[in-house]
Amino acid sequence: MSETPPKRESKNFVEQSIDADLQSGRFQSVNTRFPPEPNGYLHIGHAKSICLNFGLAKTYNGTCNLRFDDTNPVKEETEYVDAIMKDIKWLGFEWDSLHYASDYFEDLYQWAEQLIQSGDAYVCDLSAEEMREYRGSLTESGRNSPDRDRSPEENLDLFRRMRAGEFPDGSRSLRAKIDMASPNINFRDPVMYRILRASHHRTGDTWCIYPTYDWTHGQSDSLENISFSICTLEFENHRPLYDWFCQKLGIHHPRQIEFAKLKLSSLVVGKRFMLRLVKEGHVSGWDDPRMPTLSGYRRRGYTPESIRNFCSDVGVAKFNSTIDMVRLENSVREHLNKIAPRRMAVLDPVKLTITNWPEGQVEIMEAVNNPEDPEIGKREIPFSGNLLIERGDFREEAPRKFFRLKKGGAVRLRAGYIVDCYDVIKDEDGKVTEILCTYDPETRSGADKSGRKVKGTIHWVSANHAKEMTVRLYDRLFTVEDPGSTEEGKTYLDYLNPNSLTTVTAYAEPSLQSHEIGDRIQLERIGYFVLDPDSQAESIVLNRIVPLRDTWGKMEAKGKTV
RNA sequence: UACCCCGUGGUGUAAUGGUAACACUACUGAUUUUGGUUCAGUCAUUCAAGGUUCGAGUCCUUGCGGGGUAGCCA
């Protein structure tokens, strides 16, 4: 009998906290929620939170709700609600139940009256500016509001009249009565309600007072019987307040746990940053394939699996780290390598003519769809004497380590024959317009009787059979690592990459014609591509998802080719 | 200069007081009809200084460094 060694899987600090609470009996189950404010589109940073919350529910056999934190009507729209739900589903998650903080407005109101009656909240007549003055600063304590000692009766009366609409916007607020000298500024009598006449995307004009985040979040969690309320680090200082409200109210008390949000190199994810890119036309919309939004990645061709893998890959901790973009791209390549059928297309063509090829003859070659997955079979590609190859795959004079085609050299045409180049034709500017080769009939792919070995293999397409298609080559939007923090007098717009999108016409093997929108393929030796929704029957548009790793390009850039 | 949080290779994450692990990057090399993939190898004594301990990345103290917080935003 072999003993299985005790296998300890490593857990992140959130899971460790959960384990401890489950063990101690503080909670019996794991109930989480993902609580976006519907004021914009979800981005890659949200993906981390989504994967965390839904993932925890799954691993602990618990539940995860979707709750829209819609307490600020001036910023929120139904359009965003719909987009958010679509993105979460696309990522591959299903919520156990759907809620809106606005569903709890009446509960919240009743609880507010309760705190007023217990003397823990009061109506304050200070204006916003006055309140700021009274609050003190980071180093000085605040002063009590002149209205702080109003009686519960008077407060109740005023609060009811606030709700009834008797006072103008901003003229009064309801505040928790805590401690104006607290070193935690969130304890300096935080606002619970503001008077705000704005139409809410769900409750319309029913309310003219709206609860703030602090007064809403914990109680919403409580009502949904959430056990672990997971949020990002900037809410750390709010946790004491979260706890204070639950305790004062004597209600089910979830545990708030904070983690570091995802920060990726060379992109900006802030709402106003992204909004400006869209509004000023630097990108085509929220789903522009260069955008870090989930809808952008979807259109770009990223798979939900690869984003999920990426999120679990980067882990969860409290350290503010920056993840290199290549991690995400790597995760995409890793998945696509396994699932994407291979095809050939030439993006920057030059003619290659096989002068010993029988005039007018066409041969059908067979090529595997994906060497990683023999299950998905083979495809047929027409081969002829008039080919197109990549201009970059030919050099008249080439360094020693250039394994592609050179004058006087030979190369294998993938899934075809070995050809020998004996001459080139140039135009008056000296630019090569045609490469003249002979082929070796003994070297047919899969039936090579020659025993010949060549160093390089290149892709090609038969000129008369090739299908023209539009290819959009995407690169990163910004040229710097951290577009968010820029030097004096510059904004992130000064670091926009002028080459973030280039469009070229490609010549592709005929089988590419039979793909559908959303299909992902690998163009051999180039990269992974997805059929864009802009595609028409006869005019296909491909988006480059991510290029293949390019060891040669790297060597060349470093001058290591000799 | 108040309070809170954080400091482990180039980048991240782990090590639950017992002798630094995993992934990515980078660099070597092998295989390869994609310079792709795959495979093998190389790259840290844990911010610093004290202390507790038989033993400290883990606990304590101080310092240094980074982040957050002064919306009637979330």
Side-chain angles (χ1 to χ4, degrees), chain A residues 8-12 16 20 35-37 39 69-72 74-76 101 124 126-128 131-132 135-142 169-175 182-188 190-196 209-210 212-214 216-217 231-240 258 260 265 271 313-324 326-327 330-331 333-334 337-338 342 344 367-368 370-372 401-404 411-416 418 443 445-446 448 453-459 522-527 547-556:
Chain A
R8 200 210 276 127
E9 54 190 288
S10 83
K11 297 191 170 189
N12 63 50
Q16 290 171 15
E37 182 187 18
N39 68 344
D69 229 340
D70 54 352
T71 58
N72 185 6
V74 303
K75 290 188 172 181
E76 297 149 8
C124 176
L126 255 25
S127 69
M131 203 181 287
R132 191 180 337 116
R135 186 158 34 230
S137 73
L138 294 176
T139 51
E140 303 161 280
S141 75
D169 284 10
S171 61
R172 295 177 205 263
S173 61
L174 184 74
R175 297 223 256 164
S182 172
N184 182 343
I185 289 177
N186 293 307
F187 264 29
R188 321 247 261 229
V191 171
M192 297 162 62
Y193 274 94
R194 67 271 213 185
I195 303 174
L196 179 61
I209 57 172
Y210 288 95
T212 57
Y213 165 85
D214 284 313
T216 306
H217 204 89
C231 61
T232 46
L233 248 29
E234 66 268 31
F235 292 102
E236 253 169 348
N237 295 333
H238 292 247
R239 180 166 16 103
E258 311 86 11
S265 64
K271 247 150 226 160
D313 226 52
V314 299
V316 178
K318 300 192 77 158
F319 178 67
N320 284 305
S321 59
T322 301
I323 311 290
D324 198 314
V326 303
R327 292 281 290 277
N330 193 65
S331 169
R333 286 194 193 97
E334 189 181 21
N337 178 46
K338 294 194 190 95
R342 315 284 129 120
M344 289 199 285
V368 292
N370 187 349
E372 304 291 315
K401 289 192 179 172
F402 184 85
F403 299 153
R404 285 108 105 137
V411 77
R412 165 133 241 144
L413 295 175
R414 166 125 254 229
I418 290 178
T443 60
S445 180
D448 194 316
K453 287 270 184 259
V454 287
K455 210 66 164 132
T457 302
I458 64 173
H459 60 279
Q522 182 197 100
L523 292 184
E524 287 200 276
R525 303 210 306 131
I526 300 176
L548 251 34
R549 272 209 186 78
D550 182 14
T551 311
W552 165 250
K554 216 181 285 177
M555 281 167 62
E556 207 172 26

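In what follows, chains carry the letters A, B, and so on, assigned in the order in which the sequence lines appear, proteins first and then strands, with residues in each chain numbered from 1.
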ask   = Taking atom types as they are modelled, is there a donor-acceptor pair under 3.5 Å from the base of B:U16 to the side chain of A:Gln16?
value = yes
ask   = Are any of A:Arg194's side-chain N or O atoms less than 4.0 Å away from OP1 or OP2 of B:A74?
value = yes
query = Does a nitrogen or oxygen in the side chain of A:Lys455 sit under 4.0 Å from OP1 or OP2 of B:U33?
reply = no
query = Does A:Leu548 reach the side chain of A:Gln522, with side-chain heavy atoms less than 4.5 Å apart?
reply = yes
Atom pairs under 3.5 Å: protein N/O with N/O of nucleotides 62-65 of chain B:
none

ask   = With respect to the phosphate group of B:A70, does any side-chain polar atom (N or O) of A:Thr139 fall under 4.0 Å of OP1 or OP2?
value = no
key: Sugar-phosphate, base or nothing in reach of A:Arg404, heavy atoms under 4.0 Å   = base
ask   = Do the side-chain N or O atoms of A:Asn12 get closer than 4.0 angstrom to the phosphate oxygens (OP1, OP2) of B:A14?
value = no
key: Base orientation of B:G71, syn vs anti, 90° cut from 0   = syn
task = Would you check if the side chain of A:Asp69 reaches a backbone N or O of A:Ala101 as a donor-acceptor pair within less than 3.5 Å?
result = no
message = Over all strands shown, is A:Thr322 touching base, sugar-phosphate only, or nothing at heavy-atom distances under 4.0 angstrom?
response = sugar-phosphate
task = Using a cut-off of strictly less than 4.0 Å, decide whether A:Arg239 has a side-chain nitrogen or oxygen near OP1 or OP2 of B:C3.
result = no
query = Between A:Thr71 and B:A74, does any side-chain N or O lie under 4.0 Å from OP1 or OP2?
reply = yes
